[in-house]
Every structure is written in C-alpha cells, then in structure tokens.
Amino acid sequence: MGRFDARVAVVTGAARGIGFATARRFAEEGATIAVLDLDESAAADAASRVADATGTKAVGIGCDVADTASAEAAVERVVAELGGIHILVNNAGITRDNLLFKMTEEDWDSVIGVHLKGAFNMTKAAQKHFVQQKYGKILNLSSVSALGNRGQANYSAAKMGIQGFTRTLGIELGPFGVNANAVAPGFIATEMTDATAARVGMPVEEFRAAAAEANPVRRVGYPEDIAAAAAFLCSDEASYVTGQTLYVDGGAKLG
Ligand code: NAP
C-alpha cells in the first residue's frame with residue numbers, strides 16, 4: 001500500500017528536473033499523475049516514462065501556468081481525464097538572472113509571472129475542488145534564493161513571495177482540510193543550474209564541484225532529494241504541518 005493510493009497528483013513543470021523526480025516519486029507511492037509542462041509532447045513523453053517505470057497511470061498536458069485560461073483548462077482536463085485532483089505541486093520555474101541595473105522589465109515580469117502568478121493561477125483553479133471535497137495538498141517550490149542572491153532580484157522576490165503565499169494558503173484553506181507547504185531547495189543538479197554554469201562560463205562538473213565544496217554536507221542536491229521532502233509534505237503523515245517552508249539545502253544557509 002502506497003501513501004498516495006487513489007490520489008491524483010498534478011506536478012507543473014514536470015517534463016524534467018525536480019518536477020519529473022517528484023512526479024515519479026508520487027507515482028511510485030501509488031498516485032495517478034498529471035505531468036504539466038509548456039510543451040505537451042515533452043509532458044506526454046515524461047508521463048509515459050513515469051507510467052513505464054511505476055506501472056501507474058500518468059498523462060501529459062501542455063500548460064503555461066502563467067496564463068490564467070491555460071492553467072484553468074489544465075486543471076479541468078485533469079479532473080475530467082483522471083477523475084479528480086488531490087495534490088498540486090507548483091514547481092514550474094524559469095530564471096532570467098541579471099544584476100538589477102541590467103535587469104529588464106521583461107526579465108522581471110516573466111519570472112514573477114511563472115513563479116508567482118503561475119502558483120496563484122494553478123492554486124486558484126485547484127482549490128475549488130479541494131474545498132468541495134474537503135481534502136487537498138498544495139506544495140510550492142521556493143528556493144534558498146528567497147533569502148537573497150546576487151543577480152536574482154526577480155527570482156528571490158518571487159521565491160520569498162511564494163513563502164508568504166504559502167502561509168496565507170495555510171490560514172485560508174486549513175479549515176477545509178487543505179494543507180499548503182513549500183520546499184526551498186538549495187543547489188540541485190538540473191538543467192536550471194547547468195544553465196547558470198553556462199552563464200558564468202564554468203564547465204558543469206566544475207560548477208557542481210564548487211557548490212558541493214561550499215556546502216556543509218559536501219555534496220550538491222539531486223531532484224530525488226526534493227522529491228522525498230515533497231512526498232512527506234503531501235502525505236497524510238504531514239496533516240498537522242501547514243504554511244511551512246522546509247529548506248532542503250544541505251545546510252547551505254546555516255551560519
Ligand atoms: P528545470 O530543470 O529548468 O525545469 C523546469 C520546468 O518548468 C521545465 O520543464 C520548463 O519547461 C517548465 N516551465 C517553465 N515555464 C513554464 C510555464 N510557464 N508553464 C509550465 N511549465 C513551465 O528546473 P528545476 O531545476 O527542476 O526547478 C524546478 C523548480 O525548483 C523551479 O521552481 C525552481 O525555481 C525551483 N528550484 C530549483 C533549484 C535548483 O537548484 N535547480 C533550487 C531552488 C529552487 P521548458 O523547458 O519548456 O522551459
């Protein structure tokens with residue numbers, strides 16, 4: 001018996017990286033999965049890899065979380081095709097890093113749009129089902145960058161905004177059987193951090209080694225580290241945990 005038997009879990013931005021690992025982990029524990037990503041064929045490909053690896057049902061749905069109509073349509077499609085929705089992981093994300101004086105309005109708007117408005121759009125569409133059935137789990141992806149990071153004024157504002165959003169969801173939705181929490185990853189080896197390596201002109205392995213050396217546990221994180229925390233926070237074992245942000249960062253911001 002799995003912790004997510006008979007649950008339908010939606011993970012945004014799950015064609016790869018942390019989202020994919022989370023979708024796979026939830027499927028391993030019994031959930032039916034909806035992989036949402038910008039490109040429907042990439043989402044469908046990821047969904048079939050999840051289904052093949054775990055034997056559970058998984059569908060891929062093209063969705064731009066920053067677009068209200070697209071987010072609403074995706075949630076309705078999940079409910080129609082999979083028979084309900086119980087868990088929402090707001091994972092889709094982008095970076096448009098630059099020092100403030102070089103950051104364009106578009107860099108600002110697109111990052112705030114995907115992370116903050118995207119989480120708002122998806123949560124608003126899902127919560128009406130959660131409240132009606134008096135059950136739901138929401139997990140939002142924050143970041144250690146919420147605490148401030150050079151070149152990421154847009155991203156850190158969005159990721160700290162996610163923490164406030166999460167606390168408020170905890171307050172508003174708690175009476176309706178809905179838990180809302182956030183994970184704040186440190187350095188996780190994905191295409192997102194590989195792109196940062198390229199931006200600063202370092203080979204990926206060297207960049208990861210430097211991040212590992214600077215970390216108290218002397219390694220980088222992997223998508224599976226975040227998936228494990230996500231599985232706990234979205235399980236009924238965490239039903240007395242809400243409005244919280246769990247830093248999963250190898251102690252990166254200690255001291
Ligand atoms: P990733 O490998 O870049 O994957 C992100 C996924 O989100 C991609 O498949 C991307 O699709 C999709 N996406 C982007 N914009 C979208 C939109 N508007 N609607 C739907 N999907 C969209 O990123 P990751 O490293 O796994 O990060 C996942 C989450 O963790 C993000 O919220 C990120 O900010 C957060 N996080 C990551 C780290 C880290 O070190 N990696 C640390 C802290 C927090 P496309 O490929 O089509 O763009």
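Numbering of ligands and ligand atoms starts at 1, following listing order.
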Practice item. Tell me, please: is Gly186 in heavy-atom contact with ligand 1, that is, under 4.0 Å? Key: yes
**Study point:** Side chains of Cys63 and Leu38 in contact at under 4.5 Å (non-hydrogen atoms)
**Key:** no
Review point. Would you say the side-chain atoms of His86 and Lys137 include a donor-acceptor pair closer than 3.5 Å?
Key: no
Point to revise | Within reach of ligand 1, part of Ser145 (heavy-atom separation under 4.0 Å) | key: neither
Review point. Which atoms of ligand 1 have any heavy atom of Ile94 under 4.0 Å away?
Key: 14 (C), 15 (N)
**Study point:** Pair Gln152, Asp97: side-chain N/O donor-acceptor within cut-off below 3.5 Å
**Key:** yes
Check your understanding: Are Gly118 and ligand 1 in contact, using a heavy-atom cut-off of under 4.0 Å?
Key -> no
Check your understanding: Do Thr166 and Asn140 have side-chain atoms, one donor and one acceptor, less than 3.5 Å apart?
Key -> yes
**Study point:** Residues, nucleotides or ligands: over 12 heavy atoms within 6.0 Å of Arg167 CZ
**Key:** no
Practice item. Indicate the ring-plane relationship of Phe4 and Phe26, choosing parallel, tilted or perpendicular according to the 30° and 60° boundaries. Key: tilted
Check your understanding: For ligand 1, which atoms sit closer than 4.0 Å to a heavy atom of Asp64?
Key -> 17 (C), 18 (N), 19 (N)
Point to revise | Nearest-option assignment for atom 13 (N) of ligand 1, heavy atoms, candidates Ala71, Ser110, Ala92 | key: Ala92
Exercise for review: For Gly17, counting its heavy atoms only, list the atoms of ligand 1 lying under 4.0 Å from any of them.
Suggested key: 26 (O)
Point to revise | Contact atoms of ligand 1, heavy-atom distance to Val114 under 4.0 Å | key: 15 (N), 18 (N)
Exercise for review: Say whether Tyr155 and ligand 1 are in contact under the criterion: heavy-atom distance to a ligand atom below 4.0 Å.
Suggested key: yes
Review point. Less than 4.5 Å apart, any side-chain heavy atom of Val65 and any of Val114?
Key: yes
Check your understanding: Do any nitrogen or oxygen atoms of Asp37 lie less than 3.5 angstrom from nitrogen or oxygen atoms of ligand 1?
Key -> yes
**Study point:** Polar contact flag for Arg16 and ligand 1 (N/O pairs, less than 3.5 Å)
**Key:** yes
Point to revise | Proximity to ligand 1 by part of Leu38, non-hydrogen separation under 4.0 Å | key: both
Review point. Does atom OH of Tyr135 have more than 12 heavy-atom neighbours, drawn from other residues, nucleotides or ligands, at distances under 6.0 Å?
Key: yes
**Study point:** Mode of Asn91 contact toward ligand 1 - side chain, backbone, both, neither (heavy atoms, under 4.0 Å)
**Key:** both
Point to revise | Side chain, backbone, both or neither: Ile18 near ligand 1, heavy atoms under 4.0 Å | key: both
**Study point:** Distance-only N or O hit between ligand 1 and Val65, under 3.5 Å
**Key:** yes
Exercise for review: State whether the shortest distance between N or O atoms of Asp39 and N or O atoms of ligand 1 falls below 3.5 angstrom.
Suggested key: no
Point to revise | Within reach of ligand 1, part of Ser142 (heavy-atom separation under 4.0 Å) | key: backbone
Check your understanding: Does NZ or CZ of Arg208 fall inside the cone over Phe187's six-membered ring, less than 6.0 Å from its centre and within 45° of the axis?
Key -> no
Check your understanding: Is atom CZ of Arg218 surrounded by more than 12 heavy atoms (other residues, nucleotides or ligands) closer than 6.0 Å?
Key -> yes
Review point. If you count the atoms of ligand 1 from 1 in the order shown, which ones are under 4.0 Å from a heavy atom of Cys63?
Key: 19 (N), 20 (C)
Review point. What atoms in ligand 1 come closer than 4.0 Å to a heavy atom of Gly93?
Key: 5 (C), 7 (O), 14 (C), 31 (C), 32 (O)
Check your understanding: Do we see a donor-acceptor contact under 3.5 Å between the side chains of Asp107 and Asn154?
Key -> no
Review point. Taking both backbone and side-chain atoms of Ile188, is any N or O found less than 3.5 Å from an N or O belonging to ligand 1?
Key: yes
Check your understanding: Distance only, no hydrogens: is a donor on one side chain within 3.5 Å (strictly under) of an acceptor on the other, for Asn121 and Thr68?
Key -> yes
**Study point:** Pair Asn91, Thr22: side-chain N/O donor-acceptor within cut-off below 3.5 Å
**Key:** no
Check your understanding: So which heavy atom in the protein is nearest atom 7 (O) of ligand 1, and how far is it from that ligand atom?
Key -> Gly13 CA, 3.4 Å
Exercise for review: Please write down residue, atom name and distance for the protein heavy atom closest to atom 24 (P) of ligand 1.
Suggested key: Thr190 OG1, 3.7 Å
